Amino acid sequence: MEIAGLALMGIGLLGCFINKIPGPLIAFIGLLIINFATKLDIPTEIIIVCGVLSVISLIINVKLVPALIAKIHPYGKGGSWGAFVGSVAGLVVLTGDSIVLAIAMMVGLPFVFAWLFELISTRSIKECSKRACSAFIVYLVSTVIKIAVVALSFKFTLEEM
């Protein structure tokens, strides 16, 4: 069961880069499986903190960040879906040769696809650039928040192993 829990935590980490997947919640479920199905004794306070942070990050990523960015400059479904497709493409084309290239793909492709999808839907380069920037900022902020929560779950789990 320990392997299943770690696998869920790994999927949760990948979910940090794909905005449609709730990475912190999946990682938290992995933490629960590791705690209750093995002999590890993760303190209850840590489990509660990780659970609360997972729910808070979900609320922030789904409601708060998109609403705040949309007030600055609205973006459409094209930008949101473009960032999603770009993040999946970034995970698919990850290369083990260079960490710099891998990071560039994970950061660059969501913006490129958001821009392309917005260009298809708006047909104005100036407008699609603004909308793509807004969608990309939502992607970056959400990704950073999710990585922080999942990293905390990993830290507490690995400390107990």
Side-chain angles (χ1 to χ4, degrees), residues 5-31 46 48-159:
L6 285 173
L8 280 175
M9 291 183 82
I11 291 168
L13 184 61
L14 287 177
C16 291
F17 297 100
I18 301 174
N19 279 341
K20 306 291 183 196
I21 298 175
L25 287 178
I26 294 172
F28 178 66
I29 291 169
L31 175 79
I46 290 175
I48 291 170
V49 166
C50 287
V52 168
L53 288 176
S54 295
V55 171
I56 288 172
S57 77
L58 182 67
I59 293 168
I60 288 172
N61 290 327
V62 171
K63 298 289 183 191
L64 189 64
V65 172
L68 289 174
I69 299 300
K71 285 183 179 181
I72 297 169
H73 194 279
Y75 61 96
K77 288 184 181 179
S80 180
W81 278 102
F84 168 71
V85 170
S87 63
V88 171
L91 285 175
V92 170
V93 299
L94 280 177
T95 60
D97 297 340
S98 170
I99 190 73
V100 175
L101 181 61
I103 291 172
M105 290 294 187
M106 287 304 304
V107 172
L109 284 180
F111 177 76
V112 169
F113 277 88
W115 188 84
L116 286 174
F117 279 45
E118 284 291 349
L119 182 62
I120 291 168
S121 64
T122 62
R123 291 181 174 68
S124 163
I125 291 180
K126 183 178 179 183
E127 185 65 22
C128 83
S129 297
K130 289 179 183 178
R131 291 173 150 239
C133 285
S134 295
F136 182 66
I137 290 169
V138 169
Y139 169 77
L140 278 183
V141 171
S142 297
T143 300
V144 168
I145 291 170
K146 289 196 277 186
I147 287 173
V149 173
V150 170
L152 188 65
S153 295
F154 263 111
K155 177 187 179 296
F156 290 134
T157 302
L158 294 177
E159 281 180 353

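Predicted, not measured: the structure shown is a model, and the values here were computed from it.
The side-chain heavy atoms of Ile46 and Cys50, taken from C-beta on, include a pair separated by under 4.5 Å. Taking 4.5 Å as the limit, some side-chain heavy atom of Phe17 sits within range of a side-chain heavy atom of Ile147. Looking only at side-chain heavy atoms (C-beta outward), Phe111 and Cys133 come within less than 4.5 Å of each other. Counting heavy atoms from C-beta outward, Met9 and Val150 have side chains that stay 4.5 Å or more apart. Between Leu8 and Phe28, every side-chain heavy-atom pair lies at or beyond the 4.5 Å cut-off. A 4.5 Å side-chain heavy-atom check between Tyr75 and Pro66 finds at least one atom pair inside the cut-off.
Scanning all heavy atoms of the two residues, the minimum distance from Val65 to Ser142 falls at CG1-OG, 4.3 Å. Of all heavy-atom pairs spanning Ser80 and Ala135, the tightest one is N-CB, 4.1 Å. Nearest heavy-atom pair, Phe113 versus Gly82, reported as atom, atom and distance to 0.1 Å: CB-O, 2.9 Å. Minimum interatomic distance between Lys146 and Pro24 (heavy atoms only, all atoms of both residues): CD-CD, 3.6 Å. Of all heavy-atom pairs spanning Glu118 and Gly79, the tightest one is OE2-N, 2.8 Å.
Taking OG of Ser87 as the reference point, atom CG of Leu14 lies at 11.0 Å (rounded to 0.5 Å). Atom SG of Cys16 and atom CG of Asn61 lie 9.0 Å apart (nearest 0.5 Å). Between the CZ atom of Arg131 and the NZ atom of Lys126 there is a distance of 14.0 Å, given to the nearest 0.5 Å. Separation of atoms CD1 (Ile69) and CG (Leu64) is listed at 9.5 Å; rounding is to 0.5 Å.
Screening Ile145, Val149, Leu53, Leu25 for a side-chain contact (heavy atoms from CB on, under 4.5 Å) involving Leu58 leaves a single residue, Leu25.
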*Worked check of side chain to side chain contact (heavy atoms under 4.5 Å, CB included) between Ile26 and Ile21*: CA-CA 9 Å; Ile26 294 172; Ile21 298 175; 3.6 Å; yes
_Working note: Phe154 + Leu13, criterion side chain to side chain contact (heavy atoms under 4.5 Å, CB included); need CA distance, chi angles, decisive distance, verdict._
CA-CA 9 Å; Phe154 263 111; Leu13 184 61; 4.2 Å; yes
*Candidate pair Ile137 and Leu140, rule side chain to side chain contact (heavy atoms under 4.5 Å, CB included), full reasoning*: CA-CA 5 Å; Ile137 290 169; Leu140 278 183; 5.8 Å; no
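Few gaps surround NZ on Lys20; more than 12 heavy atoms of other groups in view lie less than 6.0 Å from it. No more than 12 heavy atoms of other residues, nucleotides or ligands lie within 6.0 Å of CD1 in Ile125, so this atom counts as exposed by the packing criterion.
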